[in-house]
Amino acid sequence: MAMTEIIKQLEKEILQQREDEQRILNEIAAVVSLDFAQRAAGVLDPRKHFYSFEAYLILLDNLKVLLYAGMPDDLALESVQCGYDVETILAIWRLSKE
């Protein structure tokens, strides 16, 4: 594979990741607010942490799932950073509400 093809492929992947980020942030904004979506993006920003952009997208998507499940926004944002999967977080949250 030529170097130009590799660069084009990388650019395509980066563009797709940014589109995915914007889509997820829009979905979060639709559930909570644009302000919260922007704040969450800032808190989870991979440049501030030791994880990749792909991991950042996973955290955003997990946040979206928690919000759709009815978890309060600040609790959901804090919870996605703990390292547990969404099912575990939701199970713990639901048990704590009983």
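Heavy atoms of other residues, nucleotides or ligands lying less than 6.0 angstrom from OH of Y51 number more than 12. Within a 6.0 Å sphere centred on CD of Q81, other residues, nucleotides and ligands contribute more than 12 heavy atoms.
Looking only at side-chain heavy atoms (C-beta outward), D85 and T88 come within less than 4.5 Å of each other.
Across all non-hydrogen atoms, the minimal contact from P46 to F53 is CG-CD1, 3.8 Å. Contact record, G42 with K48: O-NZ, 2.9 Å, taken as the closest heavy-atom pair. Between A76 and L67, the shortest heavy-atom distance links the atoms CB-CD2, 3.9 Å. In plain terms, the two heavy atoms of L77 and V80 that are nearest each other are O-CG2, 3.3 Å.
No continuous path of ILVMFWY side-chain contacts below 4.5 Å connects L34 to I24, so the two sit in separate hydrophobic clusters. By the criterion of side-chain heavy atoms lying less than 4.5 angstrom apart, applied directly or through intervening Ile, Leu, Val, Met, Phe, Trp or Tyr residues, Y84 is grouped together with V86 in one hydrophobic cluster.
A salt bridge does not link E19 with R23: every distance from a Lys NZ or Arg NE/NH1/NH2 to an Asp or Glu carboxylate oxygen is 4.0 Å or more.
Exactly one of E11, E13, K12 qualifies for a side-chain hydrogen bond (donor to acceptor under 3.5 Å, both in side chains) with Q9. That residue is E13. Of the options L25, D73, V31, a side chain to side chain contact (heavy atoms under 4.5 Å, CB included) to F36 is made by D73 and by none of the others.
One distance of note links CG of L66 with CD of E78; it measures 12.0 Å at 0.5 Å rounding. Taking OG of S79 as the reference point, atom CG of L90 lies at 9.0 Å (rounded to 0.5 Å). Rounding to the nearest 0.5 angstrom, the gap separating the NZ atom in K97 from the CE atom in M71 is 8.5 Å.
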Under 3.5 Å donor-acceptor pairs involving side-chain atoms of residues 54-61, not counting sequence neighbours:
residue	atom	partner	partner atom	Å
E54	OE1	S52	OG	3.2
E54	OE2	Q17	NE2	2.5
Y56	OH	E21	OE2	2.6
D61	OD1	K64	NZ	2.9

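Looking at D45, its side chain never comes within 3.5 Å of a backbone N or O of A41 through a donor-acceptor pair.
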